[in-house]
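To keep things clear, I will list the structure first and then write my remarks on it.
By convention here, the first residue in the shown sequence is residue 1.
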Amino acid sequence: MKDYSPTGSIDEVPEPTAKEYGGLPKCGAVFKGTDSTFKVEGDSFDEKEGVGIYGYIRIDLDTKVYLHRVQKDIGGTLTITDGWISKAYNEKIEGDENNAHLSGLVVDIKKDMADPQAFIDSALKNGFKYAREFDDYIHLDIREIPQ
């Protein structure tokens with residue numbers, strides 16, 4: 001596990017625009033797997049557990065814009081393995097009461113891209129303020145996390 005934060009000024013990252021919000025992949029297409037930008041897999045998208053599509057829909061729009069910028073930068077389809085989770089679901093899985101996924105400001109991406117370091121560099125350049133690399137996924141957060 002390794003933590004990362006931007007090396008340059010975070011004030012240099014442009015705010016998301018209305019055009020970027022409008023250009024985000026459609027939620028239904030992402031959830032159904034028919035979008036080539038993002039796809040979802042993992043527990044926070046399990047319909048039986050009551051999270052389902054809300055795990056994607058309730059990811060903060062700025063978070064989605066930053067992720068979309070990264071996808072455009074590096075190409076390929078990004079697999080979101082964890083998105084927003086409800087308090088009830090977090091309690092069911094015995095998650096930490098301060099689980100960052102309760103906020104919708106974070107997203108975990110499957111580490112199946114060709115160059116994980118280039119992905120992390122792009123994420124930090126395109127709006128994410130914190131990244132943590134795990135064996136199988138990369139956790140991204142738009143909040144500043146003290147290190």
Side-chain angles (χ1 to χ4, degrees), residues 1-46 49 51-87 89-90 93 95-147:
M1 178 171 51
K2 187 171 179 189
D3 295 335
Y4 300 87
S5 57
T7 54
S9 172
I10 58 175
D11 296 329
E12 295 174 10
V13 176
E15 293 289 321
T17 65
K19 184 176 180 178
E20 286 179 302
Y21 290 133
L24 289 171
K26 303 296 180 216
C27 295
V30 170
F31 195 69
K32 291 176 188 172
T34 58
D35 180 73
S36 62
T37 307
F38 304 146
K39 66 180 179 178
V40 295
E41 64 181 46
D43 293 343
S44 62
F45 306 108
D46 186 346
E49 294 296 337
V51 184
I53 194 169
Y54 297 111
Y56 178 77
I57 290 174
R58 292 188 178 166
I59 295 171
D60 179 79
L61 285 176
D62 289 357
T63 303
K64 289 179 187 177
V65 166
Y66 297 148
L67 191 60
H68 196 223
R69 288 177 183 174
V70 173
Q71 186 278 331
K72 288 165 118 179
D73 196 23
I74 66 164
T77 302
L78 300 180
T79 303
I80 302 170
T81 61
D82 211 355
W84 171 87
I85 62 170
S86 69
K87 187 174 179 181
Y89 181 71
N90 190 55
I93 63 169
D96 185 307
E97 67 181 39
N98 296 316
N99 187 335
H101 289 276
L102 294 164
S103 71
L105 301 173
V106 302
V107 65
D108 292 346
I109 305 300
K110 187 174 187 177
K111 196 170 152 185
D112 62 355
M113 64 284 301
D115 186 348
Q117 187 61 55
F119 173 82
I120 291 168
D121 292 344
S122 178
L124 297 173
K125 176 182 81 177
N126 282 296
F128 289 98
K129 296 178 180 86
Y130 175 77
R132 177 174 272 181
E133 183 177 10
F134 293 87
D135 289 339
D136 298 330
Y137 67 95
I138 298 168
H139 175 84
L140 300 174
D141 198 320
I142 68 170
R143 302 170 299 174
E144 290 183 71
I145 307 294
Q147 294 187 34

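For the residue pair His139/Asp82, the side-chain donor-acceptor check at 3.5 Å is not satisfied.
Atom CD of Glu97 has 12 or fewer neighbouring heavy atoms from other residues, nucleotides or ligands inside a 6.0 Å radius. Heavy atoms of other residues, nucleotides or ligands lying less than 6.0 angstrom from CG of Asp136 number 12 at most.
For the atom pair CG of Leu105 and CG of Asp62, the computed distance is 8.5 Å after rounding to the nearest 0.5 Å. Note: Tyr130 OH to Ile120 CD1 = 11.0 Å, rounded to the nearest 0.5 Å. To the nearest 0.5 Å, atom CZ of residue Arg132 and atom CG of residue Leu140 are 12.5 Å apart. The NZ atom of Lys129 lies 11.0 Å from the CG atom of Leu124; values are rounded to the nearest 0.5 Å. To the nearest 0.5 Å, the span separating OG on Ser36 from CD on Gln71 amounts to 7.0 Å.
Within the 4.5 Å cutoff, the side chain of Ile109 has heavy atoms near those of the Ile80 side chain. Between Met113 and Ile138 the shortest side-chain heavy-atom distance falls below 4.5 Å. Looking at His68 and Thr37, their side chains come closer than 4.5 Å, going by heavy atoms from C-beta outward. Thr34 is not listed as a side-chain neighbour of Lys26, based on a closest heavy-atom distance of 4.5 Å or more. Within the 4.5 Å cutoff, no side-chain heavy atoms of Phe45 are placed close to those of Thr81. Pro14 is listed as a side-chain neighbour of Arg69, based on a closest heavy-atom distance under 4.5 Å.
Taking every heavy atom of both residues into account, His101 and Asp108 meet most closely at NE2-OD2, 3.2 Å. Heavy atoms only, all atoms of each residue included: Val65 and Pro16 are closest at CG1-CB, 3.8 Å. Smallest separation of non-hydrogen atoms from Val13 and Gly127: CG1-CA, 3.6 Å. For the residue pair Asn90 and Asp96, the shortest heavy atom distance occurs at ND2-O, 2.9 Å. For the pair Tyr54 and Trp84, the tightest heavy-atom approach, listed with the atom from each and the gap, is O-CE3, 3.5 Å.
No side-chain donor-acceptor contact under 3.5 Å links Asn126 to the backbone of Leu67. Without hydrogens or angle criteria, Ser122 side chain to Phe119 main chain gives no donor-acceptor distance under 3.5 Å. Between the side chain of Lys64 and the main chain of Pro25, no donor-acceptor pair closer than 3.5 Å is present. Checked by atom type and distance alone, the side chain of Glu133 never pairs as donor or acceptor with a backbone atom of Asp3 at under 3.5 Å.
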Audit row: Ile59, Tyr56, side-chain contact (heavy atoms from CB on, under 4.5 Å) steps and yes/no: CA-CA 5 Å; Ile59 295 171; Tyr56 178 77; 4.0 Å; yes
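With sequence neighbours left out, Asp60 forms a side-chain hydrogen bond (donor to acceptor under 3.5 Å, both in side chains) with no residue at all. Scanning for ring pair (Phe, Tyr, Trp, His ring centres under 6.0 Å) contacts around Tyr137 gives Phe134, with sequence neighbours left out.
Sorted by first and then second residue, the ring pair (Phe, Tyr, Trp, His ring centres under 6.0 Å) pairs with a member in residues 13-37 form an empty list; sequence neighbours excluded.
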